[in-house]
There are 2 protein chains.
Amino acid sequence: MQKVLPRAGPADHEAGDPIRRRLTAFVELSPSDTRELEALTANSRRFPAQTPLLHQSDVPESAILVLDGFACRYKYLTNGRRQITAYLLPGDIFEPELDFRLPLDCALGTLTACRLTLVPRQDYEDLLRRRPRIALALQMARLTEAATLREWITNLGSRSGPERLAHFLCEVLFRLRTTGLASENQFSFPITQADLADTLGMSCVHVNRVLQKLRRDGLIELSGRKLTILKPDGLKTLAEYDASYLKVEATPLRPGSSARPAA
Amino acid sequence: MQKVLPRAGPADHEAGDPIRRRLTAFVELSPSDTRELEALTANSRRFPAQTPLLHQSDVPESAILVLDGFACRYKYLTNGRRQITAYLLPGDIFEPELDFRLPLDCALGTLTACRLTLVPRQDYEDLLRRRPRIALALQMARLTEAATLREWITNLGSRSGPERLAHFLCEVLFRLRTTGLASENQFSFPITQADLADTLGMSCVHVNRVLQKLRRDGLIELSGRKLTILKPDGLKTLAEYDASYLKVEATPLRPGSSARPAA
DNA sequence: CGCGACGTTGAGCGGCGTCAACTCGCGTGG
DNA sequence: CCACGCGAGTTGACGCCGCTCAACGTCGCG
């Protein structure tokens with residue numbers, strides 16, 4: 001992977017741009033690939049915050065491209081607790097299982113107001129068939145998703161409150177950077193403390209206290225909906241954060257091969 | 001779950017059998033598929049308990065078929081804690097990323113004494129290419145793996161100690177059943193309390209106490225290395241356990257299509 | 001102006017971690 | 001044959017992290 005992003009000026013933020021940026025972080029796309037993506041993301045819909053999109057055991061009939069805003073996968077337990085299992089940031093894509101009509105094991109919904117493009121299953125499969133570079137990039141993205149799940153398990157199982165929060169913030173920072181939505185150490189972070197609680201497996205009162213601690217230690221500044229990382233190294237050290245799980249730099253064995261299964 | 005498989009008599013436990021049983025739970029294999037698997041698992045090696053097989057950032061050069069024993073993926077943190085992120089039970093397969101030479105984000109090792117077959121990368125890819133039914137079954141297995149990761153996130157983030165342990169035990173029970181290694185409510189469970197602690201994100205002292213509680217409540221009996229579920233329904237209710245994430249019953253869209261990416 | 005969503009803070013308590021001691025079974029070496 | 005060591009399990013004491021309940025401040029919006 002060459003430099004992850006050209007460090008664009010604000011003029012670079014086109015309509016469906018995050019998708020292109022995310023995919024080009026993995027694979028260089030051809031002009032016609034790019035045009036295809038632009039055509040796809042030309043029509044999009046806005047959804048308000050906290051909107052359920054799919055619920056558990058639904059069978060998804062579209063892929064969902066996230067152009068703007070934060071969405072997530074989550075599960076509800078009968079005791080009322082909600083656990084978020086994955087974040088979908090701008091540039092991320094929710095894919096239905098390609099060869100199957102599988103009921104979802106997780107619900108899907110927005111956290112903040114979002115702009116999304118729904119791509120019907122058939123169109124999406126056609127896209128992957130016609131555009132091997134895009135298919136390859138998506139396969140790589142899938143690998144990072146699986147690695148992220150394992151990272152979350154480690155986070156929830158083995159880290160203290162402050163470490164856990166720090167790790168999560170680092171992840172969001174790095175992921176937003178690849179789509180140009182975070183500067184070196186600052187980004188828009190429109191997430192509720194209650195959402196953070198459901199992400200990190202803590203009560204929202206405790207999330208608040210842990211946030212205070214990170215502030216008191218001069219690591220972050222969070223006001224309004226803007227998060228500033230004051231000491232990026234301090235935060236990464238606290239979290240033992242290593243972003244390599246988000247990258248797929250290894251050379252493919254058969255570069256041009258059409259999409260194949262991913263473990 | 002209805003009986004997943006023909007519920008074979010004990011005579012059915014052949015050498016590499018768990019692999020076949022696991023795959024046939026997804027897809028009916030042809031006699032030649034079966035023969036191919038038998039040939040593959042004919043040579044296997046034994047490994048003692050607690051043996052590292054691959055460590056983090058290694059690039060795996062083989063697939064690993066688990067014929068007997070429990071293995072796992074895990075990560076170490078610098079504070080010394082170890083987090084187990086996945087169990088590999090008999091019939092499970094560790095796959096290298098197919099089109100890439102990706103360094104691992106997790107280490108791999110045995111928990112108990114194991115019998116394993118190592119299949120060199122190239123042979124493994126050939127197998128998948130020559131045996132579409134096997135490839136399809138493996139793709140389905142991959143889907144259950146991803147769902148299991150999300151289930152673990154929920155488990156670690158949202159459930160109390162007893163619920164967490166109960167959920168884990170239910171998962172192992174159901175997974176062992178599909179390979180015929182668990183009877184209705186009893187199976188060999190050679191896992192250390194320290195390993196359980198690293199699995200569930202608790203200290204091993206606390207694992208002990210939680211186990212006591214499940215015993216005291218008459219839900220389980222664990223002595224020697226044999227676990228008996230005394231009240232399967234009670235345990236499932238406590239854990240809110242729903243095994244559907246382990247199944248892929250939905251009809252494929254294009255049944256015969258060769259392996260395609262899996263989300 | 002009032003209401004609801006969100007954030008903040010305090011008090012009290014229980015789950016769970018840590019430290020430490022003790023048991024039991026097993027294998028090894030004296 | 002017994003002493004010893006070791007790994008695993010068990011139990012108690014103690015303290016802290018994090019949960020619950022509850023009150024209160026602030027902001028944005030109808």
Side-chain angles (χ1 to χ4, degrees), chain A residues 48-51 70 77 79-83 109-113 155-169 188-217 220-227 238, chain B residues 48-51 70 77 79-83 109-113 155-169 188-217 220-227 238:
Chain A
Q50 307 290 344
T51 309
F70 290 18
L77 303 191
N79 62 22
R81 273 196 61 73
R82 176 178 74 154
Q83 178 66 46
T110 65
L111 289 173
T112 72
N155 210 24
L156 288 167
S158 298
R159 280 192 260 258
S160 70
E163 293 165 353
R164 212 134 94 202
L165 177 55
H167 191 279
F168 175 70
L169 295 180
S188 159
F189 188 70
I191 297 297
T192 279
Q193 289 184 5
D195 291 334
L196 272 179
D198 293 344
T199 305
L200 301 172
M202 319 191 300
S203 72
C204 66
V205 171
H206 194 60
V207 164
N208 183 290
R209 291 194 228 270
V210 173
L211 273 171
Q212 309 280 0
K213 173 161 174 49
L214 295 192
R215 280 194 264 247
R216 222 178 312 120
D217 295 348
I220 65 169
E221 191 175 292
L222 175 58
S223 65
R225 324 248 73 152
K226 193 132 219 108
L227 178 67
L238 174 61
Chain B
Q50 307 291 344
T51 309
F70 289 18
L77 302 191
N79 61 22
R81 273 196 61 73
R82 175 178 75 153
Q83 178 67 45
T110 64
L111 289 174
T112 70
N155 209 25
L156 288 168
S158 298
R159 280 194 260 257
S160 70
E163 294 165 353
R164 211 135 94 204
L165 176 56
H167 192 280
F168 175 70
L169 295 180
S188 159
F189 187 69
I191 297 298
T192 279
Q193 290 184 5
D195 291 335
L196 271 180
D198 292 345
T199 305
L200 300 173
M202 322 192 295
S203 71
C204 67
V205 172
H206 195 60
V207 164
N208 184 290
R209 293 196 227 270
V210 172
L211 273 172
Q212 309 281 1
K213 174 162 172 50
L214 295 192
R215 281 195 264 246
R216 223 178 314 120
D217 295 348
I220 65 169
E221 190 175 294
L222 174 58
S223 66
R225 321 250 75 148
K226 192 131 220 107
L227 179 67
L238 173 62

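Lettering of chains follows the sequences in order, A, B, ..., and the numbering in each one begins at 1.
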Could you tell me which non-hydrogen atom of B:Ala197 sits nearest to which non-hydrogen atom of B:Ser203, and how far apart they are? CB-C, 3.7 Å
List the residues meeting side-chain hydrogen bond (donor to acceptor under 3.5 Å, both in side chains) with B:Lys226, not counting sequence neighbours, and say none if there are none. none
Can you tell me how far P of D:dT11 sits from CG of B:Leu211, to the nearest Å? 11 Å
Please list all pairs meeting salt bridge (charged side-chain N to carboxylate O under 4.0 Å, His left out) that have one or both residues in residues 158-169 of chain A, counting only residues at least two apart or in different chains. A:Glu151-A:Arg159
How close do B:Phe168 and B:Leu196 get, counting heavy atoms only, and between which atoms? CE2-CD2, 3.6 Å
Provide, to the nearest angstrom, the distance between the CG atom belonging to A:Leu200 and the C1' atom belonging to D:dC17. 15 Å
Between the protein and nucleotides 19-24 of chain D, which nitrogen or oxygen pairs are less than 3.5 angstrom apart?
residue : atom : partner  : partner atom : Å
D:dC19  : OP1  : A:Ser203 : N            : 3.1
D:dC19  : OP2  : A:Ser203 : N            : 3.1
D:dC19  : OP2  : A:Ser203 : OG           : 2.8

Heavy-atom contact window of chain A on DNA chain C, given 5' to 3' at under 4.0 Å: C:dC6 to C:dA11
Closest non-hydrogen atom pair, B:Leu238 against B:Pro162: CD2-O, 4.0 Å
Pairs: protein N or O with nucleotides 5-9 of chain D N or O, under 3.5 Å:
residue : atom : partner  : partner atom : Å
D:dG9   : OP1  : B:Arg225 : NH2          : 3.0
D:dG9   : OP2  : B:Gln193 : N            : 2.8

What one should report as the nearest heavy-atom pair of A:Leu165 and A:Leu214 is CD2-CD1, 3.7 Å
Taking all non-hydrogen atoms of both residues, which atom of B:Ser158 and which atom of A:Leu77 are closest, and how far apart? CB-CD1, 3.6 Å
Taking every heavy atom of A:Arg215 against every heavy atom of A:Leu222, the minimum-distance pair comes out as NH1-O, 2.8 Å
Derivation and outcome, side-chain contact (heavy atoms from CB on, under 4.5 Å), residues A:Ile220 and A:Leu211: CA-CA 8 Å; A:Ile220 65 169; A:Leu211 273 171; 3.9 Å; yes
Quick note, salt bridge (charged side-chain N to carboxylate O under 4.0 Å, His left out) partners involving residues 194-211 of chain B, not counting sequence neighbours, are B:Arg82-B:Asp195, B:Arg82-B:Asp198
Please report the distance, rounded to the nearest Å, between CG in A:Leu165 and C1' in D:dC17. 15 Å
